[in-house]
Amino acid sequence: MRSSLKTPYVLLPVLLGCCFFVYFISSGQYPWLKSFSLDIASEITGIIIVVFSIDRVMAIDQENQRRKLESVAFLQLRRPLQRHFYLFFNMFKAAIAEKPDKTYQTVADLFDHTFFEELAFLDFSKPAPVLGAIEADWSEYLLRECSQFKDSLNRTMEKYCLFLQPELIELMEEMINSPFLWIVFNAPVIRQFSVNNNTSNSYNLLARQEIRDLLKEYIQLITALLEQYNQRVPEDKQIKISDELWANGVLPKIGSGRI
């Protein structure tokens, strides 16, 4: 309730109670007092109804405005969310030997047991599916995409924090402070350590189960945000899995990054 309407909500019931008190204690000597107190009580009741109605209209209007701005915030997250989802889809596609015999209908369908097991075979030293003249391996690609996504979340929270529901803010903060992202941002040091202790040229950040467990926790947050996004935007703006993504004509090719 707005502070401007708190005072009437406190004073009017008190005045109404006083009117009824006067009405019931008035003796037959003062019939005019009974009539007067009853008239005032009727007026106060009408005022209470009007104030309550105005308050409800204002509350509904403010909630509608908040939802509109929340939708704008999610629409601004569309491209970063889509890129982030494609990042993990591409990692999976490059790591598998062949497409799983499964129908993928929603984005959540991608993140099953097979997804996390197959990522153990992704060679992060192999070329990533970047466009243009820029060359990058999977380790660099993952670092850059995660950094950009984290920046997008920070910008959205700074700009729209007053219009986002607390659970959404908490979800974004968990993603920003995810232990998996910490691993990704420190991956160059981890990679150098791996190279110094391994004669092979291949490198897999997700070879260890502990790191894949951190990825699983992070993916759960991503999935929750994707679901929240798809619920708040029109169907034509939703993020989905299309069959075209599996085509070998669309980078990366299936198994192209497999160790």
Side-chain angles (χ1 to χ4, degrees), residues 2 58-93 104-111 115 128-134 136 138-187 214-246 250-252:
R2 282 149 301 284
M58 292 176 64
I60 292 171
D61 182 65
Q62 287 189 352
E63 178 62 16
N64 289 336
Q65 291 297 323
R66 188 198 65 78
R67 289 184 178 181
K68 286 180 182 179
L69 289 169
E70 186 180 69
S71 297
V72 171
F74 270 94
L75 286 173
Q76 289 198 0
L77 272 178
R78 178 175 184 267
R79 192 171 297 278
L81 260 177
Q82 190 175 51
R83 284 176 61 97
H84 212 50
F85 171 70
Y86 286 168
L87 163 68
F88 292 110
F89 177 88
N90 290 339
M91 289 170 61
F92 179 61
K93 184 180 178 183
Y104 293 89
Q105 296 180 334
T106 66
V107 293
D109 292 337
L110 177 67
F111 305 120
F115 173 85
V130 293
L131 301 178
I134 302 175
W138 280 99
S139 180
E140 295 164 338
Y141 177 44
L142 176 64
L143 175 61
R144 185 180 65 195
E145 292 295 323
C146 285
S147 179
Q148 290 179 355
F149 184 65
K150 182 177 180 179
D151 289 342
S152 297
L153 289 179
N154 277 320
R155 285 195 299 271
T156 299
M157 289 182 60
E158 289 174 1
K159 190 173 182 179
Y160 296 101
C161 63
L162 295 178
F163 312 106
L164 296 174
Q165 295 182 0
E167 56 268 25
L168 287 174
I169 295 177
E170 183 179 357
L171 176 60
M172 291 183 184
E173 287 180 341
E174 285 189 56
M175 294 171 66
I176 290 170
N177 298 302
S178 166
F180 176 73
L181 288 187
W182 185 89
I183 292 291
V184 171
F185 296 145
N186 287 275
L214 293 178
L215 172 61
K216 185 178 294 187
E217 294 175 2
Y218 181 68
I219 289 295
Q220 289 173 349
L221 300 174
I222 293 291
T223 303
L225 186 58
L226 281 166
E227 290 176 350
Q228 292 286 343
Y229 167 83
N230 283 340
Q231 290 173 7
R232 286 170 168 76
V233 300
E235 186 174 357
D236 62 324
K237 300 292 185 181
Q238 292 180 1
I239 298 174
K240 303 177 182 179
I241 298 179
S242 66
D243 292 336
E244 296 177 357
L245 294 174
W246 291 105
V250 178
L251 294 177

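Scanning both residues, Asn154 and Ile176, for their nearest heavy atoms gives OD1-CD1, 3.2 Å. Between Phe180 and Leu214, the shortest heavy-atom distance links the atoms CB-O, 3.7 Å. Scanning both residues, Lys93 and Val250, for their nearest heavy atoms gives NZ-O, 2.7 Å. Nearest heavy atoms, Pro80 versus Phe149: O-CD1, 3.5 Å. In plain terms, the two heavy atoms of Leu251 and Asn90 that are nearest each other are O-OD1, 4.0 Å.
Residues Val130 and Glu140 fail the side-chain proximity criterion, which asks for heavy atoms closer than 4.5 Å. Annotation: side chain of Val233 is in contact with side chain of Leu75 (closest heavy-atom distance under 4.5 Å). Contact annotation: the side chain of Leu77 approaches that of Leu153 to within less than 4.5 Å [non-hydrogen atoms, C-beta and beyond]. Within the 4.5 Å cutoff, side-chain heavy atoms of Phe85 are placed close to those of Leu110. Counting heavy atoms from C-beta on, the side chains of Met91 and Pro252 never come closer than 4.5 Å.
Applying the ring pair (Phe, Tyr, Trp, His ring centres under 6.0 Å) criterion to Phe74, with sequence neighbours excluded, gives no partner residue. Taking Asp109 as the reference, Lys102, Tyr104, Gln105, Thr106 meet the side chain to side chain contact (heavy atoms under 4.5 Å, CB included) condition, with sequence neighbours excluded. Applying the ring pair (Phe, Tyr, Trp, His ring centres under 6.0 Å) criterion to Tyr229, with sequence neighbours excluded, gives no partner residue.
The salt bridge (Lys or Arg N to Asp or Glu O under 4.0 Å) pairs that include a residue from residues 74-91 are Arg83-Glu145, where partners are two or more places apart or lie in different chains. Note on residues 216-238: pairs passing salt bridge (Lys or Arg N to Asp or Glu O under 4.0 Å), not counting sequence neighbours, are Glu70-Arg232, Glu235-Lys240.
Within 6.0 Å of atom CG in Asn177, more than 12 heavy atoms from other residues, nucleotides or ligands are found, so the atom counts as buried in its surroundings. Summarising the local packing, CD of Gln148 is surrounded by more than 12 heavy atoms from other residues, nucleotides or ligands at distances under 6.0 Å. Counting non-hydrogen atoms of neighbouring residues, nucleotides and ligands closer than 6.0 angstrom, the CD atom of Gln231 exceeds 12 such neighbours.
Below 30°, between 30° and 60°, or above 60°: for Trp246 and Phe89 the angle between ring planes is above 60°, a perpendicular geometry.
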Only pairs under 3.5 Å count here: list side-chain donor-acceptor contacts from residues 156-164, not counting sequence neighbours, and write none if there are none.
{"unit_1": "Thr156", "atom_1": "OG1", "unit_2": "Ser152", "atom_2": "O", "d": "2.9"}
{"unit_1": "Tyr160", "atom_1": "OH", "unit_2": "Gln76", "atom_2": "NE2", "d": "3.0"}

